[in-house]
Q: 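The structure is given below, and queries will be raised subsequently.
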Number of protein chains: 2
Amino acid sequence: MGAMARMSPQERREAIVTAAMAVMERQGIAATTVRDVAAELGTSSGLIHHYVDSMDDLLAEAFARAAGDDLATTRAAVESGQDAVDRLALFFDSYARADDDFGMQRWLEAWAEAARRPALQRASRQLNEAWHSLLASIIRDGVEHGTMRSDDIEAAAWRVLSLLDGLMLQVVAHGALTRAQVDAWSRAGAERELGLRPGVLGAVSARSM
Amino acid sequence: MGAMARMSPQERREAIVTAAMAVMERQGIAATTVRDVAAELGTSSGLIHHYVDSMDDLLAEAFARAAGDDLATTRAAVESGQDAVDRLALFFDSYARADDDFGMQRWLEAWAEAARRPALQRASRQLNEAWHSLLASIIRDGVEHGTMRSDDIEAAAWRVLSLLDGLMLQVVAHGALTRAQVDAWSRAGAERELGLRPGVLGAVSARSM
DNA sequence: GGCCCTATTGGACAAGTGCGCAATAGGGGT
DNA sequence: ACCCCTATTGCGCACTTGTCCAATAGGGCC
């Protein structure tokens with residue numbers, strides 16, 4: 001009954017961040033404590049601070065990893081699209097598929113915690129920017145190929161993203177809307193925003209039938 | 001130096017909630033403690049629990065009061081409108097005027113805290129519903145008088161509100177957008193949603209010139 | 001095989017939390 | 001003027017938090 005198996009610094013750091021992600025997923029960002037992460041790892045709490053400067057840093061890194069994974073998933077899904085319209089449809093598909101996911105809840109907690117945790121705020125802002133950037137690149141492609149219309153691509157991307165976020169908020173925070181409504185309405189909003197024919201972005205339910 | 005001036009239970013309760021609101025405004029919901037509220041009042045911490053069952057209840061009541069005041073302000077502003085379109089424009093005016101306000105930040109914190117505080121969650125859901133209801137009543141009026149078009153008033157209200165929320169999120173949480181952009185884009189979105197002529201909801205900047 | 005480096009331990013620490021309770025004091029009703 | 005009711009006090013309690021540090025132990029290099 002001695003110490004936990006000795007690991008290389010890289011492995012251990014990795015394990016710590018992974019454990020933090022798991023606890024975050026289960027209990028939320030604000031309720032994730034050093035001791036919880038240590039318990040998840042099966043090690044002592046002192047070990048955490050041997051690899052991490054502060055709890056703020058750890059939470060920021062765990063959030064960045066989790067949210068970054070989500071972004072990477074969507075990015076990968078989008079890449080398989082034939083043209084811009086197809087890629088935009090895949091963007092919504094991928095977003096909607098995070099159905100049983102805590103994606104949006106995570107963002108909510110990050111925004112609120114950001115007031116007290118500078119590192120977490122930096123991570124959140126950077127990832128938000130990356131999502132906008134992904135969406136803008138799809139739209140830019142569509143405009144250049146003449147399949148989408150927009151005289152301000154950046155702005156259009158913000159509007160599409162904001163509608164999606166606002167609708168998701170109602171699902172996660174209030175339970176006032178269903179995922180299906182968010183899915184249909186956000187696609188319809190994007191179609192109008194980008195001068196697409198209504199329905200071309202196809203709701204999941206419609207396309208899977 | 002004896003006890004604080006004796007007050008009637010009603011006055012004292014009122015004073016406690018008011019003090020809690022002030023602390024909430026200054027430090028945020030999550031960072032509002034019993035001792036902070038007592039210090040704001042200039043009384044002892046024990047007094048708080050003599051009037052309030054739990055911190056959850058107190059925070060919920062303080063949030064409900066603060067957010068309820070915001071809603072009442074907008075409701076009052078809206079009532080002075082001549083017709084539905086005018087009232088909708090006033091709705092956006094009132095929302096935009098809360099410029100130096102902590103309105104949206106308060107909602108953010110409420111959503112995140114709601115996970116741990118049932119009473120706060122109830123208050124937040126109820127007020128959210130009230131905002132939607134106010135917006136829906138304006139739209140219903142417009143549709144009935146033929147100045148607005150919508151085949152699903154409830155849904156339209158959710159979409160207008162969600163776009164506004166999503167855009168505000170970018171201002172408050174990330175600083176990625178400006179209030180002016182939110183104002184212009186949310187009005188334009190509502191005009192499209194309700195079949196209004198572009199510009200009739202008039203941005204604040206345009207109308208004040 | 002032994003030694004040293006460092007990963008790992010486990011608890012101390014100070015600061016903070018919500019809540020409860022015995023003691024106090026002040027004002028209104030008689 | 002007195003007395004009782006209760007608003008108010010001020011501290012204690014049990015618990016949690018992040019952070020730190022001396023002690024320990026295990027594995028790789030000579």
Side-chain angles (χ1 to χ4, degrees), chain A residues 1-20 23-24 26-63 109 112-120, chain B residues 1-20 23-24 26-63 109 112-120:
Chain A
M1 285 298 111
M4 196 66 188
R6 202 186 177 107
M7 294 178 73
S8 79
Q10 297 98 320
E11 285 176 315
R12 184 52 84 187
R13 239 197 98 83
E14 180 65 27
I16 288 175
V17 174
T18 303
V23 177
M24 256 180 49
R26 190 171 350 109
Q27 312 181 347
I29 297 181
T32 297
T33 73
V34 191
R35 286 162 180 82
D36 289 336
V37 176
E40 177 79 18
L41 271 171
T43 66
S44 68
S45 70
L47 186 59
I48 308 293
H49 279 92
H50 195 251
Y51 291 96
V52 163
D53 283 342
S54 73
M55 203 54 192
D56 183 19
D57 287 340
L58 177 55
L59 292 179
E61 186 155 348
F63 169 81
E109 293 170 8
E113 280 297 302
R116 270 175 297 283
R117 318 194 100 115
L120 185 58
Chain B
M1 286 306 107
M4 196 64 189
R6 202 186 178 109
M7 293 176 73
S8 79
Q10 296 99 319
E11 285 177 314
R12 182 55 81 190
R13 239 197 100 83
E14 180 65 28
I16 288 175
V17 174
T18 304
V23 176
M24 257 181 47
R26 190 172 349 110
Q27 312 181 350
I29 296 181
T32 297
T33 75
V34 192
R35 287 162 178 82
D36 290 336
V37 176
E40 177 79 19
L41 272 172
T43 67
S44 67
S45 71
L47 187 58
I48 308 293
H49 278 95
H50 195 254
Y51 290 95
V52 163
D53 284 342
S54 73
M55 202 55 193
D56 184 18
D57 287 339
L58 178 54
L59 293 179
E61 186 156 347
F63 169 82
E109 293 170 8
E113 280 296 301
R116 268 174 297 284
R117 318 195 101 116
L120 185 59

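Chain identifiers are assigned alphabetically (A, B, ...) following the order of the sequence lines, protein sequences preceding nucleic acid strands; residue numbering begins at 1 within each chain.
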Q: Check salt bridge (charged side-chain N to carboxylate O under 4.0 Å, His left out) between A:E11 and all other residues, then give those that pass, not counting sequence neighbours.
A: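 Here no residue qualifies.
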Q: Could you work out, with side chain to side chain donor-acceptor pair (under 3.5 Å) as the rule, every residue matching A:Q27, not counting sequence neighbours?
A: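 Counting only residues at least two positions away or on another chain, A:Q27 forms no side chain to side chain donor-acceptor pair (under 3.5 Å).
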Q: Check if the side chain of B:R35 and the base of C:dG16 share a donor-acceptor pair of N or O atoms closer than 3.5 Å.
A: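 Side chain to base: no pair present.
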Q: Just to verify, what does B:R12 make a side chain to side chain donor-acceptor pair (under 3.5 Å) with, not counting sequence neighbours?
A: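 For B:R12, no residue satisfies side chain to side chain donor-acceptor pair (under 3.5 Å) once neighbours in sequence are set aside.
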Q: Going by side chain to side chain donor-acceptor pair (under 3.5 Å), name the pairs with one or both residues in residues 28-41 of chain A, residues two or more places apart or in two chains.
A: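 Passing the test, one end in residues 28-41 of chain A: A:R26-A:E40, A:T33-A:D36.
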Q: Give, ordered by number, those residues of residues 37-47 of chain A having at least one heavy-atom distance below 4.0 Å to an atom of DNA chain D; if nothing qualifies, reply none.
A: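 Heavy-atom contacts with DNA chain D come from A:G46.
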Q: Hey, what are the protein-to-nucleotides 4-6 of chain D N/O distances that come in under 3.5 Å?
A:
from	atom 1	to	atom 2	distance (Å)
D:dT6	O4'	B:R6	NH2	3.4
D:dT6	O2	B:R6	NH2	3.0

Q: Kindly list each side-chain donor-acceptor pair under 3.5 angstrom involving residues 45-60 of chain A, sequence neighbours excluded, with atom names and distances?
A:
from	atom 1	to	atom 2	distance (Å)
A:S54	OG	A:D56	N	3.4
A:S54	OG	A:D57	N	3.3
A:D56	OD1	A:L120	N	3.4
A:D56	OD2	A:A119	N	3.1

Q: What pairs with A:R13 under side chain to side chain donor-acceptor pair (under 3.5 Å), at least two apart in sequence or on another chain?
A: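 Applying side chain to side chain donor-acceptor pair (under 3.5 Å) to A:R13 gives A:E61.
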Q: Can you check the B:I48 CD1 to D:dA7 C1' distance for me, whole Å?
A: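 From B:I48 CD1 to D:dA7 C1': 13 Å.
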Q: Using the side-chain contact (heavy atoms from CB on, under 4.5 Å) criterion, which residues pair with A:A30? Sequence neighbours excluded.
A: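 So A:A30 forms a side-chain contact (heavy atoms from CB on, under 4.5 Å) with A:E113, B:R116.
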Q: Counting only side-chain N and O atoms of A:R12, is one of them less than 4.0 Å from OP1 or OP2 of C:dT8?
A: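 Yes, because at least one side-chain N or O of A:R12 sits under 4.0 Å from OP1 or OP2 of C:dT8.
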